[in-house]
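Structure first, commentary second.
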Amino acid sequence: MRILEDVPALRAARRQLQGKVGVVPTMGALHAGHLSLVEAARRENDHVLVTIFVNPLQFGANEDFDRYPRDLPADLAMLEQAGVDAVFTPTRTNMYPNGFSTGVSVSGVTRGLEGEHRPGHFDGVVTVVAKLFNLTQPTTAYFGQKDAQQVVVIKQMARDLNFPLTIAVCPTTREASGLAMSSRNRYLSADERDKAATIYAGLQRAAAAYDQGERQTDVLTEAAIHAFAAEFEVEYISINDPVTLVPISGADDQPLLLSTAVRLGRTRLIDNCLLPYRLNNRDSLTRILGGIASNSAD
Ligand code: AMP
C-alpha cells in the first residue's frame, strides 16, 4: 500500500492508475463503517484510493476539531489489511497553503437539518471534496448513508460542477446494539453508549409505524422520540424528501428520509433511515438520496 503524503506524490501515483478507481474520502479514526465503503470500492473498481484528512474548514468555532480522534498508524494498518492500493494523507498546508482563498458553496439542499445547526459546515465539506475529486479523479466516490444530507449536497455539487464521476452510497454500519458507528463514538462512556443505541430504536419504531400504514410525519417522528433516552437533547428530528430535502408533513407513498441529531452530554450524534425501511440498501440509497448518482455520461 502506497502512502502519499503530499499533492505531487498523489498526482504522480494517480497518473499511473489505469482502469476504474474507487475513492473513499475520510477524516480517519477508521471503523467498520469506513471499511464497508472500502470493501464496496474494492469490489467495484480496479484500484482503491482512500483519503485521510481532518478538514478544519468543516468544523465550527465551538466544535471538536482539536479533540477529534486521530490515529494514523491504526488507520493505515486497517487499510493495508483491507487491500487498499494507496492512501492520501495530506497536511493542512498541503490542502490550504498560505493564501488559499477559494470556497465552494451549495445553496438549497444545505439550508435545513445539519446545515441549519452547523452554519458553514457544508461550505467546508464541499470545498474539500471538490479539491479531493480534482486530485484523485475517481471513477466512483463512496460515501456513507450515515451523513445523508452530505450525500445530497455532494451530488448537487458534482452535478453542478460537472465532475465526471459516480457517487455511490453505502448503508450505515451499526454496532450490535444498533448504534451507528462513528469516530465520535469514542467520546462516549459505556453508559452513554447504551443510551445512544436508543436513537436506532427510535428509527425502528417509526419504520414499524410506517409499515403499519402511518403516513402523518409528526406521528412518525413522535414514535421515534418516544423510544429515545430521556437524557437526549433533540436538536432536530425531521422527515424530508430524500431527493430535494424539502420537509414533508403529510406523505403519500413516496420514499421519505427520517433524520435526527441529538446531544448526549458533550457529544453530538446523528442518524437517519429511509422509509420504507427496505430501501436502506446500497442500490436504493445510491439512487434515491439526492437523485441521480452519475455524471459519467456527461
Ligand atoms: P468521516 O471520516 O466521518 O468523515 O466519514 C467518512 C465517510 O464514511 C463518510 O462518507 C461517512 O458517511 C462514512 N461513514 C461514517 N460512518 C459510517 C457508518 N457507520 N456506516 C457507513 N458509512 C459511514
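Atoms within a ligand are numbered from 1 in the order they appear, just like the ligands themselves. Computation of the quantities below employed the complete heavy-atom set of this structure, encompassing side-chain atoms and omitting hydrogens, waters and symmetry-equivalent molecules. All of these numbers come straight from a predicted model, not from anything done at the bench. In this chain, residues are counted from 1 in sequence order.
Here is the list of ligand 1 atoms found below 4.0 Å of a heavy atom in T26: 2 (O), 6 (C). Remark: ligand 1 atoms within the under-4.0 Å shell around heavy atoms of P171 are 20 (N), 21 (C). In summary, the atoms of ligand 1 found under 4.0 Å from a heavy atom of T172, numbered by their order in the structure, are 19 (N), 20 (N), 21 (C). Ligand-side atoms of ligand 1 in range of F143: 10 (O), range being under 4.0 angstrom from any heavy atom. Those atoms of ligand 1 that come under 4.0 Å of a heavy atom in P25, given as number and element, are 6 (C), 7 (C).
Under a 3.5 Å cut-off, the side chain of T26 and the backbone N or O of T51 do form a donor-acceptor pair. Listed for the D147 side chain is no donor-acceptor partner under 3.5 Å among the backbone atoms of I270. Using modelled atom types, one side-chain atom of E214 and one backbone atom of Q216 make a donor-acceptor pair closer than 3.5 Å. Between the side chain of N280 and the backbone N or O of C273 there is no donor-acceptor pair closer than 3.5 Å. Counting only distance, with no hydrogens or angles, the side chain of T198 and the backbone of K195 share a donor-acceptor pair below 3.5 Å.
On a distance-only criterion, G144 and ligand 1 share at least one N/O pair closer than 3.5 Å. Residue Y142 places no N or O, backbone or side chain, under 3.5 Å from any N or O of ligand 1. Below 3.5 Å of separation, one finds an N or O of M181 facing an N or O of ligand 1.
When heavy-atom distances to ligand 1 are checked against a 4.0 Å cut-off, S183 has no atom that comes that close, whether in backbone or side chain. The part of L37 lying near ligand 1 is the side chain, judged by heavy-atom distances below 4.0 Å.
The shell of residues lying under 4.0 angstrom from ligand 1, judged by heavy atoms, excludes A29.
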Ignoring hydrogens and angles, write down the donor-acceptor pairs under 3.5 Å from the side chains of residues 103-111, residues two or more places apart or on other chains.
{"from": "S105", "atom 1": "OG", "to": "D123", "atom 2": "OD1", "distance (Å)": "2.9"}
{"from": "T110", "atom 1": "OG1", "to": "V106", "atom 2": "O", "distance (Å)": "2.6"}

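Using a 4.5 Å cut-off between side-chain heavy atoms of Ile, Leu, Val, Met, Phe, Trp and Tyr, L275 falls into a hydrophobic cluster with L179, L188, I199, L203, Y210, L220, I225, F228, F232, V234, I237, I239, I248, L256, L258, V262, L264, L269.
The residue among M27, K146, Q145, H34 with a heavy atom at the shortest distance from atom 5 (O) of ligand 1 is H34.
Here the protein heavy atom with the shortest distance to atom 15 (C) of ligand 1 is H31 CE1, 4.0 Å. Ranking protein heavy atoms by distance to atom 20 (N) of ligand 1, first place goes to T173 N, 2.8 Å. Looking at atom 11 (C) of ligand 1, its nearest protein heavy atom turns out to be D147 OD2, 3.1 Å.
Relative ring orientation between H34 and H31 is described as tilted, the plane-to-plane angle lying within the 30° to 60° band.
The structure places CD of Q137 at 9.5 Å from CG of L10, a figure rounded to the nearest 0.5 Å.
F59 has its ring centre less than 6.0 Å from the ring centre of Y68.
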